[in-house]
Structures are given as structure tokens and as C-alpha cells.
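Worksheet for the structure shown next.
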There are 2 protein chains.
Amino acid sequence: MTIISNKIDEIFLLPTTEKALFLSRFERVEVQKGAVVINAEKIERYVYFIEKGIARAFRETDKGQTTIWFGEAGGVMLSFLSFFKNKPGYESIEVLEDSTLYRISSNHLQELYSLHLPIANWGRKFAEQELLLTEQRFMDLQFKTATERYQDLIKHSPSILQRVQLGHIASYLGITQVSLSRIRAAAK
Amino acid sequence: MTIISNKIDEIFLLPTTEKALFLSRFERVEVQKGAVVINAEKIERYVYFIEKGIARAFRETDKGQTTIWFGEAGGVMLSFLSFFKNKPGYESIEVLEDSTLYRISSNHLQELYSLHLPIANWGRKFAEQELLLTEQRFMDLQFKTATERYQDLIKHSPSILQRVQLGHIASYLGITQVSLSRIRAAAK
DNA sequence: CCTATTTTTTATCATTTGTTAAATAAAATG
DNA sequence: CATTTTATTTAACAAATGATAAAAAATAGG
């Protein structure tokens, strides 16, 4: 559980008591490659932290699936819409390898938020951090070319490139697989 | 200050004491059309709430400015990067009409967050809400055509269309002004 | 009300990306 | 190891958007 514990500290450092309380609400889950942990059709009742493995969020479209997020160890898997608003989310999330996750239920987390100031601030920091990441994604899509986005991915997440098939990467970058092949061919 | 008071309630309902404390930290600011309230070069020390008027966030690019956000009465103007991380933000924000704003300093707000549980949860809710909006923006850019994004804007924010010039709208939609003109011509 | 300036539209051509289909390469299965 | 399936690349054409320039329309200022 070290990786997840570190991830929690990284978001916002909790006093010992609250940290222990927080961790006590987690539950370990082992899932096999291909398991769909979060389902776009449902209101999800858990937030998952990745201890080991790799995950991929995607939306179903008329032309198959589009990947919108990749997560590795230390990443947090959740549907914002489900967790924040109790609505079915946009996306499903599956693991691409056998993975170890720790999960906490929305109910537990909401209760902790409402009773403990440090944990409320942890939740605030978590949302702020995710907001900055989402803003960054938005800016990249708006201001960078597909080629630049691909080069950024090589630079900042080389392990994803190695572990995930290119069709998923293409849709993550907002282009078709054919287009990604062209970009890769041009880069040689 | 009614509009802003309502906006605060809408994000998360505070007990009377905390609400009064929160409001007491605000300061009224009148700004003239064209004033740049938030500057991309600087670390901004205030969060602004719009009581009256209209605002536009933009980034400077090689080819002029690109609009990334519009705000009307009830909207909140801030640089996420400045407010969350104490770094210069991506964007500048200017008002497009003479406007009435209320502002609270980052320092005051951080202090309230660290001392008062309801206000910490208000801040969490605020970040969560902004996160959902940003995620929506991202999804729209990824999954919808420029034409659909334009039609959504007509439907959901007709007042912006009336009050803001089309060049700004085009860059907000992620297309050139020429391209927006084509979309408008095709819709006739 | 007229003129200068700004904004918006239209036209033309170039570039990028999408679509479809086929070929090649890689991976999985018996 | 051979065969089947899946993933990736390549090719040819279509569609959408960008770039540039010029025309038309709208707005602001004297």
C-alpha cells in the first residue's frame, strides 16, 4: 500500500490521526486484465487508487471506443460525475493488465469530508489537482498539434507508449489510428 | 451583492456564521471596459466574482489571442494555476463591458480554508464544480464538431453571442474566424 | 451625417485529417 | 510450428479547416 499512501501524502499531508482514519476505510481489490472497474452506465460508488497495473478510461462512440485517460501506479480512477454529482459518468474504466487497486466508497469519503477539516482540505486539494490536469489536457487539445501531443506523450509517459496499443493512444490524442501512423512514419 | 451571495450558496450552503465571515472578506471593485483584471504574466493574488458585466479569458499565441473562457454575472474569474499553485497562469482575463466585481484575496481564502470546516468544503465543492465544467469543455472539444459546439453556444449561452464579437467566439470554439463565418453561412 | 476604423463575410488555394480498403506485421492459439 | 486473429502501416481519395487576400457590412468618432 506504499504507493497509495505516498500518493495521498502528495496531494495533501494529513495529521497522523486523520491519515490512519482515512487509510482504515480502504479495501484491497485484485482485478484481472480486461476487467471493467467503472461502468459508464452506472452510478459508481467507489474511488479506486492504482497500486499496481495500468488502466484506461474510454467512451463508447458511434465509431467504437475513444480513450480519454490512462492511469498507472499512483493514479486515481473515478468518474467525476458519479463521485461529485451522483450521476452516471461519461466513461468506463478498464484495467489493461492484472492490477492491484485500493478502493474507498463515496459514502465513507463524503462522511470523512463532512467531519474532519484536514480530510476536507485533502479533498479540496485532490479536486484542485485534478482540475489542473484536466485544464492542461484541454489546453493541449486546443493549442497543440497532434504531432506535439504525441511527442509530449513519448517524453512524459514513455511507459504508457510501451504498454498500450497504438489504437488506444491515437484516440487518446484525438486522432485516428491512421493519422497516428502517419505521424510516426514522418518522425523517422 | 445578491448575485454573488446566491452564487456562493449555490456552490455549497454555509452556516450563517461562516457565510458572514466569508462575505466579510470581499471587496468591491468597479472596472472599466477593456480592463485586464488578471494578467498571465503575474501570480494573481485575488479571486474575482462577477456581479455585473462580462469577461473573457484569453491566451496570447503567435497568431494573436485565443479566447478560452467567457464569464457573466455569477461567474468566477481566477487563474487556477495562480490560485492553486502560486504560479503565473496561462491566461489573462479582461472585462468586455464596464463591470462590477467582488474580490477576495488568496491569502484570506486559504486562511478560511485552513480554519473552518464548512468553508474548506465550500472550496472543495467549488473546485469540483469547476472540474466538471472543464471536463465538459474537454469532452466537447474532443467529441463534438465545431458546428455542434457553435450550436451548443447558441442554445446555452445566447447572451454571450449577442454581447461578444465573433472573432472571440471563433477562437473560443477552437476554429478561425473564417471557419466560423462558413458555419454561420451554412446554417442559413 | 460623413469618414475612418473595425468587424464580418466571401473567395481561392493549401494543408491537415478523416475514410475506406488493402497490405504487412505482430501476437495468440491450437 | 503453422494458422488464425489482431494490430499496424500504407495508399488513394474525400472532407474539413487553415491561410491569405479582398469585399462588404457594421461601428465609432468627429
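Every value quoted in this text rests on a predicted model; they were computed, and no experiment measured them. Chain naming here is simple, since letters A, B, ... match the order of the sequence lines and numbering starts at 1 in each.
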Are the side chain of E148(A) and the backbone N or O of T145(A) linked by a donor-acceptor pair below 3.5 Å? yes

If you take the centroid of each ring, where Trp contributes its six-membered ring, are F58(B) and W69(B) closer together than 6.0 Å? no

Return the value, rounded to whole Å, for the distance between atom CD1 of I169(A) and atom C1' of dT8(D). 13 Å

If you count the non-hydrogen atoms of other residues, nucleotides and ligands that lie under 6.0 Å from CZ in R163(A), is the total more than 12? yes

About how many Å separate CG of L21(B) and NE2 of H108(B), when rounded to the nearest 0.5 Å? 9.5 Å

Under 4.0 Å between a side-chain N or O of S181(B) and OP1 or OP2 of dT10(C)? no

From dA19(D), dT10(D), dT9(D), pick the nucleotide closest to the side chain of Q177(A)? dT9(D)

Please confirm whether R103(B) makes a cation-pi placement over Y46(B), using NZ or CZ under 6.0 Å from the six-membered ring centre and within 45° of the ring normal. yes

Output the rounded distance in Å from CD1 (I175(A)) to P (dT15(C)). 20 Å

R182(A) vs dT9(D): side-chain N/O to OP1/OP2 distance below 4.0 Å: no

Just N and O in the side chain of T176(B): are any of them under 4.0 Å from OP1 or OP2 of dT17(D)? no

If you look at every strand shown and take non-hydrogen atoms under 4.0 Å, does L180(A) touch a base, only sugar-phosphate, or nothing? nothing

Rounded to the nearest Å, what distance is computed from the CD atom of residue Q65(A) to the C1' atom of nucleotide dA7(D)? 15 Å

Between dT9(D), dA19(D), dT8(C), which one does the side chain of Q165(B) approach most closely? dT8(C)

Quick one: is dG18(C) close enough that its OP1 or OP2 comes under 4.0 Å of any side-chain N or O from S179(A)? yes

Of T147(A) and V178(B), whose nearest nucleotide on DNA chain C comes first from the 5' end? V178(B)

Calculate the interatomic distance between H168(B) atom NE2 and dT8(C) atom C1'; express it in whole Å. 13 Å

Interatomic distance, R163(A) CZ vs dA7(D) P [rounded to whole Å]: 18 Å

Would you kindly give the NZ-to-P distance between K33(A) and dA27(C), to the nearest whole Å? 12 Å

Calculate the interatomic distance between I183(A) atom CD1 and dT16(C) atom P; express it in whole Å. 11 Å

Rounded to whole Å, the CG-C1' distance (L96(A) to dT6(D)) equals 16 Å

